[in-house]
Amino acid sequence: MEMDHISYIDKIPNNVDLGRDRVLQRALEHWQPAYMGWWYDMGPAESHNFDVYLRTAVSVDPEGWAQFDYVKMPHYRWGIFLVPPTGGREVNFGVNKGQPAWQEVPGEFRSTLRRIIVTQGDTEPASVEQQRMLGASCPSLYDLRNIFQVNVEEGRHLWAMVYLLHRYFGRDGREEAEALLERRSGDADNPRILGAFNEPTPDWLAFFMFTFFTDRDGKYQLSSLAESGFDPLARTCRFMLTEEAHHMFVGETGIGRIVQRTAEVMAERKIDEPNRVRAEGVIDLQTMQRYLNFHYSVTLDLFGSDVSSNAATYYTTGLKGRFEETRIKDDHVLTDDTYDVMEVVGDQVVTKAVPALTALNERLRDDYIREVQSGVDRWNRIITKTGAPFRLTLPHKGFHRAIGNFAGRHIGLDGRVMSEAEWKKHEYEWLPGPQDHAFVQSLMAGRVVEPGKFANWIAPPRAGINNQPLNFEYVRFN
Ligand SMILES: [Fe+2]
Ligand SMILES: [Fe+2]
């Protein structure tokens with residue numbers, strides 16, 4: 001393996017004047033070899049010699065942020081970009097509303113802010129770790145290229161958070177940056193911070209579900225942080241959102257293409273019984289529904305407790321806003337407002353109003369659910385067009401939750417409160433079980449790498465990447 005220890009600072013595309021800040025340079029020079037070590041260990045398996053047709057950001061302007069070319073992934077130029085400052089930006093919410101936005105970390109918020117940045121940063125390498133084996137079972141070169149694109153950009157998002165830690169948090173920040181390379185997804189002793197990022201992503205159906213549901217949690221978290229009164233964080237997150245859009249595109253179109261392929265086969269053969277659908281070598285929609293139920297519910301947990309004093313603090317201090325905070329027409333202080341949350345009382349799910357400040361996690365979760373629902377509607381339109389008699393649905397918000405008011409309760413898909421024994425009886429109707437995983441993996445036993453070819457279980461996309469044809473050689477194996 002080859003690594004650059006000396007001149008890499010010049011090679012990091014950036015718009016933060018990296019070359020001028022000696023302290024920051026030294027910190028990054030120390031961290032970069034450790035990052036590369038992590039990438040070789042935990043990045044996409046056996047990919048180090050591949051030439052991949054990747055998008056690299058070399059600046060934030062419209063021409064610069066999406067440059068396409070072949071890159072050997074370990075040579076990817078993980079850049080550091082913040083959207084340019086807007087003059088006179090203020091803290092837009094909370095008790096500090098109206099103050100000039102902070103360009104340095106206010107001392108009293110230091111540990112809170114560091115925690116927010118570390119928690120976000122930890123998700124980035126986690127998803128790369130979760131996805132590292134999937135190249136061996138890709139359904140096409142197009143899809144292989146897309147997963148690699150997602151992986152290098154999650155790597156860049158880690159750089160983005162590490163930049164903030166190094167630049168603004170001194171020694172504590174450097175220690176946190178190292179720890180970000182030491183935790184491992186799913187590790188019993190040193191796991192990633194958040195639950196969904198310790199779940200395995202065993203196959204491509206799970207990968208597409210993950211990028212649709214869980215990368216979208218990323219979008220909502222980044223959007224809230226893009227409102228932050230700490231300006232460097234806001235500007236960093238705003239740029240990350242441009243990349244996140246592609247990850248969600250990969251997820252939505254990936255599921256859409258699987259749905260399309262299955263629904264076409266069902267209509268063509270006039271079959272709807274899951275085993276007959278499976279016998280055609282495509283994924284039955286019932287299995288897709290179970291995967292959906294799983295990824296949706298574990299992702300809902302990422303938003304945190306329905307009622308949370310931490311969320312109130314983040315908001316009141318001006319560190320983390322609401323989704324599209326500055327477009328909301330209210331006082332942006334919320335001291336007198338209420339918001340509805342659900343809880344379980346006896347064997348009923350009831351709704352009750354709580355102080356809006358404490359319900360900000362729930363509000364963000366609701367914003368997220370609305371967007372997810374419209375994606376599911378688009379999948380259903382694909383099914384409707386083929387005439388297949390099936391609709392994908394989102395489970396009740398309380399289904400299979402481990403955090404917040406539903407934790408420890410047993411809620412059915414339809415929101416019915418039930419005993420653990422009854423819930424267990426339905427577990428593998430509602431969530432993917434060993435047989436589902438075995439079936440999906442049987443379809444994905446090998447990789448499809450002939451340019452222009454797609455595995456039987458997925459339809460081709462409508463268009464290639466960057467206007468390239470579908471039979472373009474998106475990955476060269478050498
Ligand atoms: Fe990310
Ligand atoms: Fe992402």
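Throughout, numbering of the chain's residues begins at 1 and tracks the sequence. Remember, it's 1-based here, ligands and their atoms both numbered in the order they're listed.
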How large, to 10°, is the angle at the Fe ion (ligand 2) when you draw lines to ND1 on His247 and to OD2 on Asp215?
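Approximately 100° at the metal, rounded to tens of degrees.
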
How is the N/O/S atom of Glu154 that comes nearest to the Fe ion (ligand 1) named?
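The Fe ion (ligand 1) is closest to the Glu154 atom OE1, counting only N, O or S.
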
Minimum-distance N/O/S atom that His157 presents toward the Fe ion (ligand 1):
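Closest N, O or S atom of His157 to the Fe ion (ligand 1): ND1.
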
Side-chain heavy-atom pair Asp122, Leu194 within 4.5 angstrom cut-off
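Of all side-chain heavy-atom pairs linking Leu194 with Asp122, none is under 4.5 Å.
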
Hey, does Gln289 have a side-chain heavy atom less than 4.5 Å from the side chain of Leu285?
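No, every pair of side-chain atoms sits at 4.5 Å or beyond.
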
Do any of the N, O or S atoms of Glu124 sit under 2.8 Å from the Fe ion (ligand 1)?
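So Glu124 does bind the Fe ion (ligand 1) by this criterion.
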
Does Tyr70 have Arg476 sitting over its ring (NZ/CZ under 6.0 Å from centre, angle to axis within 45°)?
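Yes, Arg476 lies over the aromatic ring of Tyr70.
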
More than 12 heavy atoms from other groups under 6.0 Å of CZ on Arg89
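Yes, because the 6.0 Å sphere around CZ of Arg89 holds more than 12 heavy atoms from other groups.
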
Which atom, counting only N, O or S, brings Glu244 closest to the Fe ion (ligand 2)?
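The Glu244 atom nearest to the Fe ion (ligand 2), restricting to N, O or S, is OE2.
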
Hey, would you say the Tyr35 and Trp159 ring centroids sit under 6.0 Å apart?
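Yes, the ring centres sit under 6.0 Å apart.
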
